[in-house]
Amino acid sequence: MSSEEDASLLVIVLDTNCVWWGERTEGVHHGSPHHQKNGNLNDANHASDSSQILLTELVDGVITFGNAHLLTNHKNTLAIIACQANRSQYIYPPRQSVATHNAATGATADTLQLLKNSVKGELSHLLSEVDDRELFAESITAGALCMALCYIHKKEQHLMTGEKLNSKILVIKGTDDHSEQYMNFMNAVFTAQKKNVIIDACIFNHDSGLLQQACDITNGIYLKIPHTKGLLQYLLWTYLPDQATRAKMSLPPRTHVDYRAACFCHRQLIDRGFVCSVCLSIFCDFQAICSTCRTPYKILGGPVLRKKKKTA
Amino acid sequence: MSMYKAAANVGDENETGAVDANYRWETGYEKTWEAITEDQDGTLQASVAEIQKARKRLRASRVPNTRLGMMRHTFLVLDCSSSMNDKDLHPTRWHSAIKLCELFVNSYFDQNPISQLGIISSCNKRAERVAELGGNPQRLTGVLKKLKHNQCKGEFSIQNSLELAYQTLKHVPPHTSKEIVIIMSSLTTCDPSDIHLTIDSLAKNAVKCSVIGLAAEVRICKELCNKTSGTYGIILDESTFKDLLNSHAMPQASASNVESSLIKMGFPSHYSVTGREKPSMCVCHQDSKEGSTLSNKGYICPQCQSKYCELPVECQICGLILVSAPHLARSYHHLFPIKPFEEHTTLPPDPLSTSNSKFRQCSGCLEPLKELPVFSCPACGNFYCLDCDLFVHEMLHSCPACSSERNEMSA
């Protein structure tokens with residue numbers, strides 16, 4: 001058990017992608033062009049199913065979970081970042097009132113009220129601002145993770161000497177991975193590893209290869225929850241305990257992580273490939289010129305041409 | 001920039017500049033104390049902190065569009081001559097050097113996960129290879145810990161050390177970057193033959209030699225570094241020592257005559273997924289003293305199915321280099337570096353409430369931007385505080401706002 005003095009900071013990254021949650025709420029196909037492109041079309045069929053979680057239930061669950069975290073220790077702090085298709089934003093602590101928030105740490109009734117109002121207010125504000133350009137079915141979690149790490153870093157800077165802060169990031173996500181974010185995502189994961197920040201992931205829909213790696217590298221828990229309606233139970237039982245307590249619990253087994261690389265040319269996972277010595281791009285077949293950095297390669301292992309001896 | 005100046009301004013300057021530049025004593029009088037001013041409370045702390053932070057910012061920036069040697073083979077040469085027993089670094093130069101080298105080994109492998117590092121020590125006019133080139137930081141720090149109890153005696157030999165390192169480096173593949181980093185405490189070197197020939201052959205074979213001097217500048221080291229396009233730095237105290245050593249942990253610009261090629265690599269899978277979960281022995285430990293033990297963990301070479309305990313490793317059976325995707329991803333931030341943020345001395349207006357700029361918040365940590373200067377990302381225009389600016393450039397290497405947008409950057 002961690003000593004009572006150690007405060008813990010939890011940053012929740014909440015995927016509030018409008019397309020994905022919209023499908024769950026309405027359960028109807030709407031023919032927007034972006035919507036046709038993504039692979040989530042099949043899921044829309046069972047979206048009207050009552051066993052699927054709705055956005056409002058998610059928000060309620062997360063607020064309760066946040067309360068539970070704040071009530072565990074009076075020094076605990078919390079931040080929530082909403083992650084959209086095209087941007088990420090803090091929904092708790094609320095913008096404009098960080099100063100007042102800092103004064104009221106701990107689980108006073110005021111803080112809990114502020115949490116509830118802030119999350120609901122900021123989130124509805126954020127969702128009402130969404131325009132057509134943002135309608136993609138994948139959310140970019142990399143930026144939210146970077147913001148979370150900045151927040152954690154700042155809080156660590158403010159610590160008194162001798163104080164310790166255990167930081168966790170919990171990603172609650174339904175949408176699929178977006179391959180464009182790979183580099184930024186991995187940068188964030190390695191930073192988390194260096195700073196001893198645990199990344200946990202709670203997944204609704206399809207397994208996320210990126211988050212599996214993130215959890216494995218930072219010793220977090222990765223769980224694809226089978227019954228999404230029971231979100232709060234999973235949150236409280238699996239993600240609330242701190243690192244020391246987790247060691248004593250029987251948690252879901254570690255998932256096997258696929259560490260194979262995807263080639264830059266076809267984005268397919270390969271187990272043997274060619275790596276450019278200059279820019280470390282991965283290709284599944286030999287090429288004469290690197291498509292990333294335009295380096296011409298020397299062909300290794302080719303036949304050595306020798307000058308024929310001139311016959312006199 | 002002369003070497004003396006470079007030594008005094010370590011952290012600001014790391015290049016071996018032109019030889020014809022003035023020595024420091026030939027340049028004008030520098031009024032260094034005028035840079036420090038008292039603040040309202042009459043303390044110097046704020047001013048000093050500002051200088052330190054400016055220096056840090058400078059260090060995090062890097063010259064763009066240089067080709068870096070991502071696969072490095074480096075030899076660390078440690079001077080174990082009697083001059084290492086001097087007590088100007090605490091407790092002795094030797095203990096201080098070993099301690100910093102341990103940190104260096106870890107940061108080297110953190111920055112260059114697919115590179116190799118070896119250690120050579122030199123005392124009694126001889127050089128000894130204490131650690132072969134390898135990719136395992138634990139083994140190297142173990143060697144350094146053992147080396148700590150060595151007695152430093154006799155004289156240092158720069159030629160013997162260079163020759164010994166070169167014997168190994170001449171066999172490494174041509175596409176890798178070959179480097180020698182010498183930590184030299186002695187002011188003299190005892191060499192068996194003409195050192196200029198050694199230096200020329202190193203320069204011809206694109207071996208980059210850098211020297212960190214613990215005492216004062218030595219002419220032959222300067223020549224060595226200039227000819228092999230390495231860097232030469234003299235430490236002022238322990239912190240400059242650390243900075244100089246750390247500058248070698250970052251990937252260096254590669255020599256122009258290094259070949260580039262496509263290297264075949266394997267991305268092995270975990271042993272336990274293949275279905276055969278029976279315990280088996282690994283290839284990597286079969287020659288070690290402890291011997292190989294049965295286990296059902298490990299990685300399988302996709303080409304010859306031999307098993308290894310750890311990655312990255314070169315397959316002993318088929319010669320395939322085995323890595324995992326995160327190893328490569330760890331180096332990508334060197335190749336796709338984040339641009340330095342622009343510095344602003346006035347607070348920007350808040351887009352939400354234009355009348356009230358005092359509530360403008362940092363895009364990274366949500367802290368209100370009260371203190372100047374503030375910084376903005378040239379790509380997305382979002383504003384950051386100083387702490388976040390340093391954090392983003394030193395550790396994170398991604399702008400939080402840019403990386404939550406689409407089509408801005410791609411891996």
message: Can you tell me how far apart CD (B:Q361) and OH (A:Y90) are? Round to the nearest 0.5 Å.
response: 10.0 Å

message: Please classify the contact of B:I114 with chain A as side chain, backbone, both or neither, using a heavy-atom distance under 4.5 Å.
response: side chain

- request: Give, as side chain, backbone, both or neither, the part of B:V392 having an atom under 4.5 angstrom from any heavy atom of chain A.
  value: side chain

- request: Could you walk me through whether A:L280 and B:L335 pass side-chain contact (heavy atoms from CB on, under 4.5 Å), step by step?
  value: CA-CA 9 Å; A:L280 302 183; B:L335 299 163; 4.2 Å; yes

query: Do the side chains of B:E405 and A:R87 get nearer than 4.5 Å, heavy atoms only?
result: no

message: Please classify the contact of A:F283 with chain B as side chain, backbone, both or neither, using a heavy-atom distance under 4.5 Å.
response: side chain

Non-hydrogen side-chain atoms of B:L311 and A:Y259 separated by less than 4.5 Å: no

message: At a heavy-atom distance under 4.5 Å, which candidate from B:A401, B:C301, B:S363, B:A329 has the highest pair count against chain A?
response: B:A329

- prompt: How are the rings of B:Y332 and A:Y182 set to each other: parallel, tilted or perpendicular (split at 30° and 60°)?
  reply: perpendicular

message: Does atom NZ (A:K194) have a neighbourhood of more than 12 heavy atoms from anything else shown, all under 6.0 Å?
response: yes

- prompt: Which atom names give the shortest non-hydrogen contact between A:A142 and B:S403, and what distance separates them?
  reply: CB-O, 4.1 Å

Residue A:E156 versus chain B: region with a heavy atom under 4.5 Å: neither

query: Just wondering, do A:M147 and B:L366 contact through their side chains at under 4.5 Å, heavy atoms?
result: no

- prompt: Roughly how far, to the nearest 0.5 Å, is SG of B:C365 from NE2 of A:H153?
  reply: 9.0 Å

query: So what's closer than 4.5 Å to chain A heavy atoms on B:I321: side chain, backbone, both or neither?
result: neither

- line: Interface check, chain A: of B:R330, B:H327, B:M70, most non-hydrogen pairs under 4.5 Å belong to B:R330

- request: Hey, could you give me the CD/OG distance between A:Q84 and B:S404, rounded to the nearest 0.5 Å?
  value: 10.5 Å

task: Measure across A:R272 and B:P302 and return the closest heavy-atom pair with its distance rounded to 0.1 Å.
output: NH2-O, 3.4 Å

- request: Can you measure from CG (A:N184) to CZ (B:F336) and round to the nearest 0.5 angstrom?
  value: 11.0 Å

message: Do B:H397 and A:M183 make a side-chain contact, defined as non-hydrogen atoms from C-beta onward lying under 4.5 Å apart?
response: no

query: Atom OH of A:Y297 and atom OG of B:S261: how far apart are they, to the nearest 0.5 Å?
result: 8.5 Å

- request: For residues A:K154 and B:D387, report the shortest heavy-atom separation together with the two atoms involved.
  value: NZ-OD2, 3.5 Å

Contact origin within A:L269 toward chain B - heavy atom pairs under 4.5 Å: neither

- request: Taking the six-membered ring of B:F267 (Phe, Tyr or Trp), confirm whether the NZ or CZ of A:R260 is under 6.0 Å from its centre and within 45° of its axis.
  value: no

- request: Indicate the atoms forming the closest heavy-atom contact of B:S398 with A:C146, along with that distance.
  value: CB-SG, 4.0 Å

statement: Residue from A:V189, A:D271, A:I140 scoring the most non-hydrogen pairs under 4.5 Å with chain B is A:D271

task: Check each atom of B:C385 against the heavy atoms of chain A and say whether the ones under 4.5 Å are side chain, backbone, both or neither.
output: side chain

field: Which portion of B:L328 sits near chain A, non-hydrogen atoms under 4.5 angstrom
entry: both

message: Is A:M186 in contact with chain B via its backbone, its side chain, both, or neither, using a 4.5 Å heavy-atom distance?
response: side chain

- prompt: Pick from A:C83, A:A85, A:A144, A:C290: which one has the most heavy-atom pairs with chain B under 4.5 Å?
  reply: A:A85

B:E367 and A:K155, any side-chain heavy atoms less than 4.5 Å apart: yes

task: Looking only at non-hydrogen atoms, find the nearest pair between A:A188 and B:L396 and report the distance.
output: CA-CD1, 3.9 Å

field: Shortest non-hydrogen contact between A:S277 and B:S260, atoms and distance
entry: OG-CA, 3.5 Å

